[in-house]
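To start, the structure under review is shown below, and the notes come after it.
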Amino acid sequence: MSVQTEKSILIDLLQNISDVSILKKVKQFVLKEIEQGELTDLQKQELNNRLEEHQKNPKSGVDAFEFLDSIKTKYEL
């Protein structure tokens, strides 16, 4: 099952819950699961490489909003 399908199912389930305490528990669980963890050395190096590349050529990237719009269009979000 695709990630988008899983998200849609979860949203449908959440929309039918009328107990605020259950929603708060789900929210706390999700927030805990996505808490920022420590980056690996490889991830840190990749971020440093990207930052260095951006500093050398600031116009080489893609506008973030244009990128998000293209993803929305591509995945029909």
Kindly work out whether a path of hydrophobic side-chain contacts (I/L/V/M/F/W/Y, heavy atoms less than 4.5 Å apart) joins [X] to [Y].
X   : Y   : result
V30 : L14 : yes
L10 : L23 : yes
F67 : Y75 : yes
V3  : I71 : no

- Query: In terms of side-chain heavy atoms, does T5 have a donor or acceptor partner in S2 at a distance below 3.5 Å?
  - Reply: yes
- Message: Go through it in stages, so that I can follow the logic: the residues are S70 and K74, the test is side chain to side chain contact (heavy atoms under 4.5 Å, CB included), and I'd like the CA-CA distance, side-chain angles, deciding distance and then a yes or no.
- Response: CA-CA 6 Å; S70 71; K74 181 177 179 179; over 6 Å; no
- Task: Indicate the atoms forming the closest heavy-atom contact of E66 with D63, along with that distance.
- Result: N-OD2, 3.0 Å
- Item | Closest approach of Q43 to E38 (non-hydrogen atoms, all atoms of both residues) |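 Taking Q43 first and E38 second, the nearest heavy atoms are OE1-O, 4.3 Å.
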- Item | side-chain contact (heavy atoms from CB on, under 4.5 Å) partner of F29, the single match among K27, K25, E33 |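 Of the listed options, the one satisfying the test is E33.
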- Task: Pick out which of E53, E52, E46 makes a side-chain contact (heavy atoms from CB on, under 4.5 Å) with R50.
- Result: E46
- Query: What distance do L68 atom CG and T73 atom OG1 have between them, rounded to the nearest 0.5 Å?
  - Reply: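 Separation between the atoms: 10.5 Å.
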- Hey, what do you get for CD (Q4) to CD1 (I9), rounding to the nearest 0.5 Å?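 Output value for this atom pair is 11.0 Å.
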- Report the C-alpha separation of K44 and L47 in whole Å, then their side-chain angles, then the decisive distance to 0.1 Å, and conclude whether the side chain to side chain contact (heavy atoms under 4.5 Å, CB included) test is met. CA-CA 5 Å; K44 289 176 186 177; L47 289 173; 5.8 Å; no
- Note on the structure: side-chain hydrogen bond (donor to acceptor under 3.5 Å, both in side chains) with Q45: of N48, D41, N49, only one passes, and it is N49
